[in-house]
Structures are given as structure tokens and as C-alpha cells.
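Here is the structure we will look at.
Residue numbers run from 1 in the order of the sequence given. Bear in mind that the values here come from a model prediction, so they are computed numbers and not experimental data.
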Amino acid sequence: MRIAKYIFVVVVIVAAMAITATLALSSEREEAVSSVQYGVVEDVSVAMPALVPQPRSIELTNGVCRIDSGAKLAYSDERLRPVAEYLASHLRLEVSSDEGAVVLSLDDSMQSEEYRIVVGDGVSVVGGDYGGLFNGVTTLLQLLPEEVYGRVPSYPVELPCCKISDSPRWRYRGFMLDVCRTWIDKEAVMAFIDILAYHKINTLRLHLTDDEAWRIEIKSHPELALQGGFRGGDSPIWPRYGKWNERWGGYYTQEDMLQIIDYAQQRNITIIPEIDLPGHSLCMATLHPEVLCDYVPNTSRAFGYDTRSALCPAREENYTLIDDILGEVCELFPSEYIHIGGDEVDMAQWQRCPRCSALMREHNMESTEALHHYFVSRVTDIVARYGKRVAVWNEATDGGPLADGTRVYGWEGVKESRRAAQQGYSTIVMPGQYFYFDMKQSPREPGHDWAAIFDWSKVYGFSPYGVGFTAEECENIYGLEASFFSELYASHNPESAEYLHYQTFPRMVAFAEIAWVNTDERDAESFYERMVAHYDRLDAMGVAYRLMPPKVEWVDGRLSASTTDGAKLYYCIDGEDIERVYDGAISTSKPALYSFISHRGRAFSPEAAVEAHFRTITPKFDISSSMPESERFTFDKAEGYGRIARTARAADVGDWVMFSFDAPVECRRMRVATGNFQLPRYTFENGYVEISYDGLHFERVGDIECGGLVIEAPERGVKCVRITSTSRGNGAEWVSIQPPTIWPKL
């Protein structure tokens, strides 16, 4: 017993001595590590980093550079303090103007926006100018663990020893954000600027005015924003696209906008304002009807609401108003260019105006396009007096040559972009079929489809030479721009950035690559691998990007799904609102009952399934209504499926539309709607839906949302469906009627 106690005591003493020695050794190691705040760890193999955009040149050298939390970040020039502070906020390092582990500097021999990175015994980032240095910083962030995007790096951090040299293909790599149709507040705009900056986008064009709203404070005319920044409720501006039953919106004070401009400038982004004239001016005209043409319109179809949207170019006082507005805009924004619109003008209004006719005779104008040219020229002169140049949409060139220095944005298509370049204009190429990110990404997803339906792969496939630009035309391309018009955002939870992110990413990743990399040779497979690797960074940025739809197969009674982007798969059973984790093939004789979706961080995919799951039927039906039908868009247009019909006026309280089927329709789901196919516009803004199984007796099944309703699991065959309006008017002169969408029983 005594021997056992003795052995126990010895063991305890030896263990204590060992622990003491270990702690001492550990302390010595910690002291040694803390004394070396950065340096090279050699003989560590590293993979080529998956960078987007791909740099022009990257060479891996031996090992990794390890940086500890006690390291410093130094800059060589006081002009670089903003970018140094930007990087320091991500790395949580102390900023120094002396020396450090990370050194930022300039090299005047380099080109604008060019940069060079050397990672070895420390990190050197050199730029040809501020923009070049910032571009280098965004690449440096991609070399580091993705936690830096959340500004919570875990030290020590390691990055591969390498040498990178890089510069952009296009001087202008832009994005247009429509804040009119859907209000996007200052904080949300700044958050989106952060994401754009990570991808080397250097211009953000803000679409500040349109028919639906006025989003920028004009101190000489405060009513434009105070009233025009809101719609619905007690606002004189009619609600659209959702939010019909409240006063909704907002605007940027000039102080707000200065904060946005400063925030963007630190991130190498220029803010260009757009004040859309002379069309798209319904909001201004509602507040100032004196800007419109001199005739009395028939407003009976819209219950007295004047839907005219074009300023009268023959009213001299309009140019005084425009001078007031643009004078403040030019002073507020440091950008060289002010975008003045010039698109989609309803010139039929000018054709009815005696003032316009007199002006055309006075100046020997033979067309309203010439009148448009007159207006644009007058506004160009106003902007020039304030030391700025104008940018316009491509239609503004139709009436004749514009002033030297005018920049043209080719949105309607490749042909229009090429024509602007042929005419010698500094051209921003932004054809809708490639770069309008409000378009659908597949046929069953949200978005418009008037330009095209496309995902990231079509964006990545764009090149000027590939779509027909000649070498001479390419000389006049100043850059590329992607865009997001926000009509549909208002009805997709605009309090969250999710819909904006889903529509723009990863298409924006592909856009950033083609706008930066100086080659037309593309390897989509290789790019996709880099893009998927980049998803970890997007996750860390908090981006709710779109994943590719899962691949679904049904073979030998087994239903399987797979993804290529590391996302987690889930499945749903039709008629249930539950997502179940997919962990293997499902044995079933009814594959159409199942649909699949994938999630990763905030990202998610569209629904995927076998084609039978999405199949719809087209039983014969007739449309009847308390409202007369349009002479041009008659009810039989919708009765044939695939097109819409229109009424001859807007709806009043109690007006109705009814779908009557030749025979009762058995189905699992039916959607009926007013309004356009992809857009809640020209709708019943409020109302309810009733169904009848015998054509005589009706029962209410729900209130409409965005003009329509999905009727789930009718009890038996549906004979009639009736939609009844409970509100008056919709800010337009008609109601659009869609054919029903009907899913058969499975």
C-alpha cells in the first residue's frame, strides 16, 4: 500500500514537472512567434488561387507569407490613406505611414488602374494611381481567407507567395441601379457598392428619376422629392408594381448623396446620376402639369388621371426648370458626365401639341425626332454651362448628330451599340439581351423576358468581336455596363436585398470577368470552376446569389438529383410546404410529385424537377367582363393562351373579369391574374377571387396579390373563376387580362 502511494506521488511530481516544462516551452514559442509579425514559411505547396477577374499575369513563388495580428499596414503617400483604411478595416491591422507587413504605394510609370502585387517576406501592392492600387487591394483580399470579407480574420493568416501584374481591358466597367421603380435606401446602396467594388466595377449609374418616382433632393424645387419620392396613400403619385395600399418610398437628401459619393470614391467607384428627360417624366408632370403639352387629354379611361409622360420641348419655361434641377445635380456630383435620358419618348403627345407644331415650323423640322434632337441639344447646353458633359440612351441619336463629347449608352441591342460606335460616339455597350440582369435566368424564374432569357453563361460568352463589332467600332467603345431595372423588385420583398442579389449574381461575376480581362478567348468550363470557388467569398460577403438548378433524373423507378456547386440539396412533395434534406435517390412511380432546390449560405437555386411536374393544360374557355374589351387587344387574344387581352378602360370598384370553361376543369392548381405576364402592372390593384363548380353558385377563395391568385387544390372540376375589383383605377387606361395557368392533377 505504501509502495503504491509512493509511486503515485512520484508520478504526480514527474507529470507536474513535464507540464511546467511544456508551458515554459510554449511560452517561449509564443514569444518567438509574437516577435515575428510576418514572414515567409518555405516549402509549403499551394494551389493556384481561383481569382475573378483572372489577372493578366500570376506567378507562384515558394511558400506562403504568414502575417500575425501585430503586423502593421503602411502607405507611402497621404493620398492613399483612404484605401489603406479600407484594407485595414478588413484585416483589422494598425495603419502606419512608416513601414509594415503590407505596404501600399504608387508607381507613376504604370497606367491608370494598373497594379502589381508581390507577396514574399511581406506584401507589396503598387498601383499606377489610386484606382490601380484599389484594384490591387481587391485582388489581395481574394488571396486571403474569405473571413476578411466579414472583417473578422483569424490570425495568423497565410497567403501564397506570388507575383501578380494586372490591368483592365475597359476603362469603364459599370452597373446601372434603378432606385426609382423600387426604393433602395442609402444603407442598401452602400452595401451594394461594397459588393460591386470587390469585383472591380468602377462606375455606378443611379437611375434617379422616372415615371414612378423622383429620388434626389432638389433644394430649389423641394416638392419633387418630398412628394415625388413617395407613391400611394396620400401621395399624388400613383402606386405601381406592388405596395398599393400604403404611402411608400423615399429619397436621398443631398447630404445622403454626398455620403454615397464619398463611400463609392473610397472604393474606386464613380457615381453617375441619371435624370431621365424628356420622356419617363410622369412623376414630374403629376406635380407640375404645366410642363406638359398644350392640349386637353381624354382622361376618362383612367378616371381623371393624366398618364402623359413627356415634357413639352416647346415650352421655354421648361428649360428654366431643367436648368434649376441640373444646376444642383452638376454641383452635387463630381462625375464628368450627367445622364439625361432621352429614351422611349411618347412623341404622339408632341404631335397633338400646337406649341410643338409651331416650333417645328419655325425651325423647319420635318419629324418629332428632330424636335427630340432640339430638346437634347438645349439640355446639353445647360449641362455644358456647369462644366459637365451629357450621356444619353441610344434613341437620342435618331434626330441628328449630338454635341462632341456626348456619351451614348446602347441598350436596345448590339445593332444600336454598333451604330453609336460607327457614328464616332464614346459608347457604353449594354445590350439588354446580354447585360439586363432584370431578365429571367430560365423560363420559370422571376424576371422580364422581352430582351432574352439568360444566365451567367451568356454574359460570359459576350465579346464585341464575337457579336460583330469591327476593329474601328471597338476603338469607340469606352466600356461595358450591366443593369438592373427594379419594377419587379417592389413585389419581391424589397426590404431585403435577396431579389437584387439573386438577379445580379453570379451574372455579375461573369460580367466583371469579361469587362476586365483583355481577351476574347473564353473557356467557360475553367471560368465556372473559378466562379464556384469564388462562392465561398460571396457567402462571406452575404450575397444571396443564384445557384444553378439541380440536375434531376428518373431512371428505373429511382429519382435522383445532383449539383455541381457544393450546395446542399432538398426536395419537396407537391402540395406540401416542407423542404426535406435530400440524402439519396428516391424510389417512386410518380416522379412528377417531387421537386428539388439547393441552398448554400444565403444562395439558393430555382426549383428543378422532371418536366411532367411543370406541365400545364389549356382547356377551352371564354372571357367576359363588366368592362368593354380593347379594340386591338380583344379577349380572344387571351382565350387562345400565350397572349394577353385588355379592357378599354381601368377598373372601378365592383368591376369583374370571369373565365368560363367549356367543361369543368379538374386540376391541382390554377392561377388567374390581371396585369402583364411578368409584371404587376395594369392590374386590379385590390380585389378577390371566386370560383364556381356549376357556373351558377360562387364561393370566395382568396384576395388577389399583385393582380392575381393561385387557387390550390380545388375540390372538384372548376367551371368558372371570377376576379372582382375592390379599388378604383390603376394609374393607366386599361386592365390587362392573362389566360389562366392550370396544372393538372398528378
Side-chain angles (χ1 to χ4, degrees), residues 178 180-182 209-214 228 230-233 235-246 248-249 276 279-287 289 292-293 295-310 343-349 352 448 450 485-488 490-491 623 625-635 637-638 643-657 672-687 704-708 723-738:
D178 171 14
C180 267
R181 279 55 176 267
T182 297
T209 73
D210 211 299
D211 290 334
E212 295 83 357
W214 188 283
F230 301 86
R231 57 181 186 250
S235 170
I237 310 303
W238 201 284
R240 286 192 191 178
Y241 312 128
K243 304 288 187 181
W244 290 286
N245 300 312
E246 57 183 293
W248 181 73
D276 205 348
H280 288 280
S281 296
L282 175 61
C283 178
M284 182 199 291
T286 301
L287 301 173
L292 294 167
C293 284
Y295 67 90
V296 178
N298 180 359
T299 61
S300 61
R301 296 174 59 198
F303 298 108
Y305 191 72
D306 193 340
T307 61
R308 290 180 294 170
S309 60
D343 64 313
E344 297 182 324
V345 181
D346 183 1
M347 297 182 188
Q349 297 171 33
R352 296 184 59 186
H448 300 293
W450 59 262
F485 282 100
S486 63
E487 296 99 332
L488 280 166
S491 56
I623 296 174
S625 177
S626 60
M627 298 169 286
E629 64 184 324
S630 162
E631 292 183 1
R632 181 180 175 189
F633 297 93
T634 51
F635 290 165
K637 306 293 186 186
R643 297 188 65 183
I644 59 173
R646 288 180 181 174
T647 63
R649 61 170 173 82
D652 204 346
V653 176
D655 274 325
W656 52 268
V657 172
V672 291
T674 60
N676 286 7
F677 280 122
Q678 312 303 341
L679 185 69
R681 178 83 173 100
Y682 311 117
T683 64
F684 286 180
E685 294 186 346
N686 296 280
I704 62 173
E705 183 176 350
C706 292
I723 312 175
T724 299
S725 172
T726 57
S727 58
R728 189 182 209 203
N730 60 7
E733 298 180 335
W734 65 81
V735 175
S736 294
I737 303 172
Q738 301 178 24

Looking at residues at least two apart in the chain, or sitting in another chain, which of them share a side chain to side chain donor-acceptor pair (under 3.5 Å) with [X]?
| X | answer |
| --- | --- |
| D210 | R181, H207, H280 |
| D655 | S626, R649 |
| R681 | none |

Is the shortest side-chain heavy-atom distance between [X] and [Y] below 4.5 Å?
| X | Y | result |
| --- | --- | --- |
| S281 | W214 | no |
| I623 | E629 | no |
| C283 | T209 | no |
| Y241 | L679 | yes |
| F684 | V657 | yes |
| F635 | S625 | yes |

- [ ] Apply side-chain contact (heavy atoms from CB on, under 4.5 Å) to the pair L292 and D306, showing each step before the final yes or no.
- [x] CA-CA 10 Å; L292 294 167; D306 193 340; 3.8 Å; yes
Task: Over 12 foreign heavy atoms within 6.0 Å of CD, E344 - done: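 Buried by this count: over 12 neighbours within 6.0 Å.
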TODO: Please name all residues satisfying ring-ring contact (aromatic ring centres under 6.0 Å, His included) with W238, sequence neighbours left out, ordered by chain then number.
DONE: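 By the ring-ring contact (aromatic ring centres under 6.0 Å, His included) rule, W238 matches Y305.
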Identify the two heavy atoms, one from [X] and one from [Y], that lie closest to each other, and give their separation to 0.1 Å.
| X | Y | answer |
| --- | --- | --- |
| I704 | I723 | CG2-CG2, 3.9 Å |
| N730 | T683 | ND2-O, 3.1 Å |
| I644 | S736 | CD1-OG, 3.9 Å |
| A650 | G729 | CB-CA, 4.1 Å |
| E487 | H448 | OE1-NE2, 3.4 Å |
| V345 | A310 | CG1-CB, 4.1 Å |

- [ ] Please list, chain by chain and in numerical order, all residues satisfying side chain to side chain contact (heavy atoms under 4.5 Å, CB included) with P236, sequence neighbours excluded.
- [x]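 Partners of P236 under the side chain to side chain contact (heavy atoms under 4.5 Å, CB included) test: Q227, T286, L287.
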TODO: Sequence neighbours left out, what passes side chain to side chain contact (heavy atoms under 4.5 Å, CB included) with K243? Give chain and number order.
DONE: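 Partners of K243 by the side chain to side chain contact (heavy atoms under 4.5 Å, CB included) criterion, ordered by chain and then number, come out as E246, W248, P494, E495.
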Rounded to the nearest 0.5 Å, how far apart are [atom1] of [X] and [atom2] of [Y]?
| X | Y | atom1 | atom2 | value |
| --- | --- | --- | --- | --- |
| E733 | N298 | CD | CG | 7.5 Å |
| E705 | S491 | CD | OG | 8.5 Å |
| Q678 | Q738 | CD | CD | 8.0 Å |
| R728 | N686 | CZ | CG | 14.5 Å |
| I737 | K637 | CD1 | NZ | 14.0 Å |
| D276 | D343 | CG | CG | 4.5 Å |

Open item on the list: For Y295, does the six-membered ring have the charged nitrogen or CZ of R308 within the cation-pi criterion, i.e. under 6.0 angstrom from the centroid and within 45° of the normal?
Closed with: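 Yes, a cation-pi geometry holds between R308 and Y295.
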Given 3.5 Å as the limit, does a donor-acceptor pair link the side chain of [X] with the main chain of [Y], or not?
| X | Y | result |
| --- | --- | --- |
| S235 | F230 | yes |
| D346 | A348 | yes |
| D178 | T182 | no |

